[in-house]
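One structure is given below, encoded as structure tokens.
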Number of protein chains: 2
Amino acid sequence: MDDSDRAILGCLLRNARATYAQIGSEVGLSASAVKRRVDALTRRGVIRGFTVVIDPDALGWRTEAYVQLYCRGNVSPEALQRVLAEVPEVVSASTVSGSADALVHMVAADVRQLERAIERIRRAPWIEQSVSDIVLSRIIERPTGPQLG
Amino acid sequence: MDDSDRAILGCLLRNARATYAQIGSEVGLSASAVKRRVDALTRRGVIRGFTVVIDPDALGWRTEAYVQLYCRGNVSPEALQRVLAEVPEVVSASTVSGSADALVHMVAADVRQLERAIERIRRAPWIEQSVSDIVLSRIIERPTGPQLG
DNA sequence: CGTGAAAAGACGTGCTG
DNA sequence: CAGCACGTCTTTTCACG
């Protein structure tokens, strides 16, 4: 992981379909050198994959929420995962330290669909309470982690 | 936006560097037809861009948190954006309806760096309170929106 | 809106400094 | 590790169903 690798990752963050030659001219390397580094980063797991960023609104998802889950007793992350994986509206979820046990990020077409998805999660018997914060407007949305340093 | 478009987006979500020929054989179209559709989706804004998914841990980011911000008086989303954009540890942020005014997703190298970043946000005079939930473990992490339907 | 062909260019490997 | 050169496969554009 040197400066060249970080520069390459920066290029790929902005455009993952850039050619190796393009990236090379930006970071000052030849195309084959860039490819070798990208392959190495992928093999080492630094690069998890390449995806497309889709506008949720264009696909009809206009409602977003963060839901805090409070559980009864000790619920394992695996049990939580099993329940949440069944709900397609769940985009990401983490166990957290603090008031709630888990924080779930959800995206749905509308409030009705969101409500139904939350109901489905709450059917798990060990869910005690859920607190939903509906997103009003996205203020910041960065590709991934902060600066490459 | 028909089934072919959705199938193409599904392929690109899994691997944004797939060739048009590869995508075509998966969705049952020729390479040129796929390219035309991808170009159209990009032009219409459905596709916002192509990025690489980086393992935060491999880059040294091992601490993640969701921070709820409570503000004094009416703070505009624009003012919030100005403050949060200055903090590189902020990955995403939204204004929310519910108890807090905003929810901020942050990634940092360690707890110390996270603490300093939160302090920097709290310097804004209209921040009344902040509640931080530190992520213990990621349970679910999906590329983007739920299923393509 | 689809296919198919043909030119221009990128990829990916092997070799050398 | 980097660069260069090579053959192969893709991209990109075109005319046409």
Side-chain angles (χ1 to χ4, degrees), chain A residues 1-62 109 143-149, chain B residues 1-62 109 143-149:
Chain A
M1 259 318 257
D2 58 2
D3 287 331
S4 292
D5 283 338
R6 274 186 283 273
I8 290 170
L9 289 176
C11 289
L12 288 174
L13 277 173
R14 291 200 314 278
N15 177 19
R17 279 186 81 88
T19 67
Y20 294 126
Q22 275 178 291
I23 300 168
S25 73
E26 278 196 59
V27 307
L29 261 73
S30 73
S32 39
V34 172
K35 182 200 170 347
R36 274 194 288 259
R37 281 170 177 269
V38 171
D39 285 346
L41 288 168
T42 306
R43 195 171 29 74
R44 285 166 43 204
V46 178
I47 292 179
R48 286 224 187 115
F50 302 92
T51 33
V52 62
V53 183
I54 300 175
D55 180 15
D57 194 273
L59 279 170
W61 286 299
R62 307 215 158 77
T144 180
Q147 81 283 5
L148 293 167
Chain B
M1 262 314 264
D2 59 3
D3 287 332
S4 292
D5 283 338
R6 274 187 282 274
I8 290 169
L9 290 175
C11 290
L12 289 173
L13 277 173
R14 290 201 314 279
N15 177 19
R17 281 185 80 87
T19 67
Y20 294 125
Q22 275 178 292
I23 301 168
S25 74
E26 278 197 58
V27 308
L29 262 72
S30 73
S32 30
V34 173
K35 180 191 172 354
R36 270 220 288 256
R37 280 170 177 270
V38 172
D39 286 345
L41 288 168
T42 306
R43 194 172 29 74
R44 285 168 42 204
V46 178
I47 292 179
R48 286 223 187 116
F50 302 92
T51 33
V52 61
V53 182
I54 299 175
D55 179 16
D57 194 274
L59 280 171
W61 288 300
R62 308 216 158 76
T144 181
Q147 80 283 4
L148 294 167

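Hydrogens, waters and symmetry mates are skipped; everything else that's a heavy atom, side chains included, is used. Letters go in sequence order (proteins before strands), and every chain restarts at 1.
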May I have the distance from [X] (atom [atom1]) to [N] (atom [atom2]), rounded to whole angstrom?
X	N	atom1	atom2	answer
B/L41	C/dC1	CG	C1'	14 Å
A/L29	D/dC4	CG	P	11 Å
B/F50	D/dT11	CZ	P	12 Å
B/I23	D/dC9	CD1	P	19 Å
A/K35	D/dC1	NZ	C1'	15 Å
B/R37	D/dT12	CZ	P	18 Å
B/D39	D/dT12	CG	P	7 Å

Establish whether the base of C/dG4 is bridged to the side chain of B/S32 by a donor-acceptor pair shorter than 3.5 Å.
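Pair found.
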Should B/R48 and B/T42 count as side-chain neighbours, where that means a heavy-atom distance under 4.5 Å?
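Heavy-atom side-chain distance check fails, nothing below 4.5 Å.
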Side-chain heavy atoms of B/L9 within contact of B/L41, under 4.5 Å:
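In short, these two side chains touch, coming nearer than 4.5 Å.
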Determine the contact category for B/R36: base if any of its heavy atoms lies under 4.0 Å from a base atom, sugar-phosphate if only primed atoms, P, OP1 or OP2 are that close, otherwise nothing.
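Here B/R36 touches the bases of the nucleic acid.
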Selected nucleotide, minimal atom distance to [X] side chain, candidates [options]:
X	options	answer
B/T19	D/dT11, C/dT13, C/dG2	D/dT11
A/Y20	C/dG2, C/dG12, D/dA2	C/dG12
A/R17	D/dT11, D/dG3, C/dG2	D/dT11

Between A/D2 (side chain) and A/D5 (backbone), is there a donor-acceptor pair under 3.5 Å?
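Flag set: sc A/D2 to bb A/D5 pair under 3.5 Å.
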Between the main-chain N or O of A/I23 and the side-chain N or O of A/E26, is there a donor-acceptor pair closer than 3.5 Å?
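No, because the side chain of A/E26 does not come within donor-acceptor range (under 3.5 Å) of the backbone of A/I23.
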In plain terms, say whether B/K35 and B/D39 are close enough for a salt bridge, that is, a side-chain N and a carboxylate O under 4.0 Å apart.
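Salt bridge between B/K35 and B/D39, a charged N being under 4.0 Å from a carboxylate O: yes.
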How long is the gap from CZ on B/R17 to CG on A/L12, to the nearest 0.5 Å?
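The CZ atom of B/R17 sits 6.5 Å away from the CG atom of A/L12.
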For a stem of at least 3 consecutive Watson-Crick or G-U pairs with distances under 3.5 Å, i pairing with j, i+1 with j-1 and so on, which stems involve DNA chain D?
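The stems that DNA chain D takes part in, listed by first number, are C:3-11 with D:7-15, C:13-17 with D:1-5.
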5' priority, DNA chain C, between A/A31 and B/S30 [closest heavy atom]:
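Looking at DNA chain C, the more 5' nearest nucleotide goes with B/S30.
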Expressed in whole Å, how much space separates the P atoms belonging to D/dT12 and C/dG12?
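About 15 Å, rounded to a whole number of Å.
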Just to verify, which of B/D55, B/I54, B/V52 counts as forming a side-chain contact (heavy atoms from CB on, under 4.5 Å) with A/V46?
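The residue from B/D55, B/I54, B/V52 that satisfies side-chain contact (heavy atoms from CB on, under 4.5 Å) with A/V46 turns out to be B/I54.
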